[in-house]
Protein chains: 2
Amino acid sequence: MKDRMTPAARMTGHTQRGQCAKRMSILDSAADVFCRQGFAGASIDEIAAVACVSRQTIYNHYREKETLFVAVVEDVMNRANAMLFSVLSTFPERADDLEDELTAFAVRLNKNCICNHDGKFLRKLVQTEGERYPHLFESWRQQGPGKLITALSALFARLAHKGALVIDDFDVAARQFVALGNADLQMMILLGATPTDEELEKAARNAVRTFLKAYGRPEAEQAGHPSQLAAISG
Amino acid sequence: MKDRMTPAARMTGHTQRGQCAKRMSILDSAADVFCRQGFAGASIDEIAAVACVSRQTIYNHYREKETLFVAVVEDVMNRANAMLFSVLSTFPERADDLEDELTAFAVRLNKNCICNHDGKFLRKLVQTEGERYPHLFESWRQQGPGKLITALSALFARLAHKGALVIDDFDVAARQFVALGNADLQMMILLGATPTDEELEKAARNAVRTFLKAYGRPEAEQAGHPSQLAAISG
DNA sequence: GACGTTTTAGACAATGGCGTCTAATTTTAC
DNA sequence: GTAAAATTAGACGCCATTGTCTAAAACGTC
């Protein structure tokens with residue numbers, strides 16, 4: 001049904017040759033199956049089939065199902081955290097065009113960190129298996145979402161220091177920025193659906209407008225986009 | 001470990017006697033086990049043990065595991081929707097003390113609809129089994145969250161009509177109200193943890209303050225709570 | 001107290017998944 | 001080309017689970 005990529009096609013970019021190729025194919029396919037079926041529902045045979053690999057090869061790399069699962073989660077967590085900080089590094093420095101820049105940033109955050117494949121995987125697995133593997137996801141929680149909020153609040157603090165924003169509690173503002181960014185996408189996020197670019201853009205625009213209404217410097221707000229209110233109603 | 005209630009103690013209020021008691025005990029226990037283990041990981045024997053009921057009794061009421069699962073989900077969905085509309089009916093009518101009243105409302109919403117047992121169950125199951133039972137959860141999505149936003153936006157429209165709020169897009173505002181309410185609790189919600197009353201209160205307070213900064217009538221905002229900014233920083 | 005219904009415990013076959021093993025085959029390294 | 005390493009297909013034992021069946025026990029009602 002859903003056209004699945006062959007493992008060769010799946011590994012884009014530099015082709016790690018040798019055993020590493022199989023390893024990555026296994027990790028990728030296992031992530032896919034674990035995500036769809038959960039730990040209990042995923043069968044090694046299905047993972048092997050998706051990875052185009054024999055079952056023994058999997059047991060060759062990973063002692064047992066649980067070992068594979070932990071490796072998959074750690075792999076996805078590392079990718080997700082790397083992507084998160086890559087996106088964080090694009091946070092707008094200058095305060096000109098703050099609405100547009102923050103909107104573009106929110107789009108990147110939602111698209112590459114929250115609505116993407118890895119984000120869906122982690123949400124699902126943290127919810128379903130989080131209680132069974134507390135320490136496994138705890139480290140992710142601290143290094144991923146935890147640091148996101150810390151970093152975001154520091155960045156907002158800089159913008160506030162420059163006079164572009166008026167914020168009383170940076171930490172709360174950071175969390176609210178992320179929450180507002182998800183507001184229009186919550187059901188899609190829950191269902192694991194992928195929003196279109198227009199949906200992403202619109203959600204981010206709505207979020208940033210409200211965020212700036214709450215935290216923006218009053219005079220800058222109206223000076224920047226005088227036609228704002230008129231444009232929304234359409 | 002976690003002290004489980006005996007099935008008799010679990011059914012509060014009017015004691016439906018006869019087979020109905022067993023039925024409810026089975027539904028309750030099955031919800032518990034399905035929520036913890038997922039559909040694939042849940043075993044009928046464990047459900048029977050938790051319900052203090054023999055396995056055959058379960059098969060007596062429900063033809064097979066899937067039948068039981070569907071019944072459980074429908075049961076929880078009905079309870080959750082009923083609770084949602086019960087909470088919705090407490091939305092503040094008058095515009096006096098809007099911050100306090102909206103905060104109390106947000107606390108009720110989070111506590112009784114989102115962070116409670118049923119909310120956790122539905123989030124988990126929608127994510128893990130939603131793709132396998134599309135129509136089952138689709139009806140919930142429409143009648144639960146869908147109607148929540150519709151109703152909330154209508155209620156906000158009334159407040160705006162009274163001049164208590166300044167809102168351009170009621171639908172967006174409704175979604176943002178809910179999203180802001182979750183902002184400080186997102187990780188707890190993801191983990192299925194239960195926030196304390198103080199955490200609920202603080203999260204709702206932060207949310208409503210920001211919501212009113214964005215959508216509150218400018219003069220009402222400062223007139224109502226002049227010491228607001230000073231109080232937050234502590 | 002007697003009768004019909006419900007529940008119970010346990011046995012049972014069937015299924016499917018996990019993890020091991022082996023022997024053959026392919027790939028890689030030199 | 002050859003030797004070592006990796007991979008493969010398939011068979012295998014083991015165990016957990018599903019769903020059925022049966023005979024005994026408990027329950028509720030009259």
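Here is how names work: the chains are called A, B, and so on, in the same order as the sequence lines, proteins then strands, and each is numbered from 1.
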* Taking A:Q176 for the side chain and B:T210 for the main chain, is one N or O donor matched with an acceptor at less than 3.5 Å? -> no
* Atom CD1 of A:I44 to atom C1' of D:dA9: distance rounded to whole Å? -> 17 Å
* Could you give the CD-to-C1' distance, from A:E66 to C:dC18, as a whole number of Å? -> 13 Å
* Which residues satisfy the side chain to side chain contact (heavy atoms under 4.5 Å, CB included) test with B:T194, sequence neighbours excluded? -> none
* Asked: Just wondering, do A:R79 and A:M83 contact through their side chains at under 4.5 Å, heavy atoms?
  -> no
* **Side-chain touch B:L190/B:Q186, heavy atoms, less than 4.5 angstrom** => no
* To do: Measure from CZ on A:R23 to C1' on D:dA6 and round the result to the nearest Å.
  => 13 Å
* Asked: Could you give the CD-to-P distance, from A:Q37 to C:dG17, as a whole number of Å?
  -> 10 Å
* To do: Indicate, with a heavy-atom threshold strictly under 4.0 Å, whether B:A42 touches base, sugar-phosphate, or nothing.
  => sugar-phosphate
* Is there a side-chain contact between A:Y62 and A:R23 (heavy atoms, below 4.5 Å)? -> yes
* Examine C:dT7: is either OP1 or OP2 under 4.0 Å from a nitrogen or oxygen in the side chain of B:N60? Give yes or no. => yes
* **Test salt bridge (charged side-chain N to carboxylate O under 4.0 Å, His left out) applied to A:R205 and A:D100, step by step** => CA-CA 8 Å; A:R205 180 72 59 182; A:D100 285 345; 2.8 Å; yes
Collect all protein-nucleotide pairs involving nucleotides 10-16 of chain D in which both atoms are nitrogen or oxygen and the distance is under 3.5 Å.
residue, atom, partner, partner atom, Å
D:dA11, N6, A:R55, NH2, 2.8

* **OP1 or OP2 of C:dT8 under 4.0 Å from side-chain N/O of B:S54** => yes
* N or O in side chain of B:K22 less than 4.0 angstrom from D:dA26 OP1/OP2 -> no
* Structure fact -> To the nearest angstrom, the CZ-P distance between B:F39 and D:dT17 comes to 14 Å
* Structure fact -> The single option from A:F170, A:F177, A:Y215 that satisfies ring-ring contact (aromatic ring centres under 6.0 Å, His included) with A:F156 is A:F177
* So do the side chains of B:V50 and B:D28 get within less than 4.5 Å of each other, counting heavy atoms only? -> no
* Counting heavy atoms from C-beta on, name the nucleotide in C:dT8, C:dC18, D:dT8 closest to the side chain of A:T57. => D:dT8
* Between D:dT17 atom C1' and B:L68 atom CG, what is the distance in whole Å? -> 15 Å
* To do: Verify the contact: side-chain N or O of B:H61 to OP1 or OP2 of C:dT6, cut-off strictly under 4.0 Å; return yes or no.
  => no
* Give me the one residue out of A:V72, A:N60, A:I58 that meets side-chain contact (heavy atoms from CB on, under 4.5 Å) with A:I26. => A:I58
* Distance, rounded to the nearest Å, where A:I58 contributes CD1 and C:dG19 contributes P -> 11 Å
Might you list the N or O atoms of the protein lying below 3.5 Å from N or O atoms in nucleotides 3-5 of chain D, with each pair's distance?
none

* When the distance from CG of B:D45 to P of C:dG10 is rounded to whole Å, what number comes out? -> 12 Å
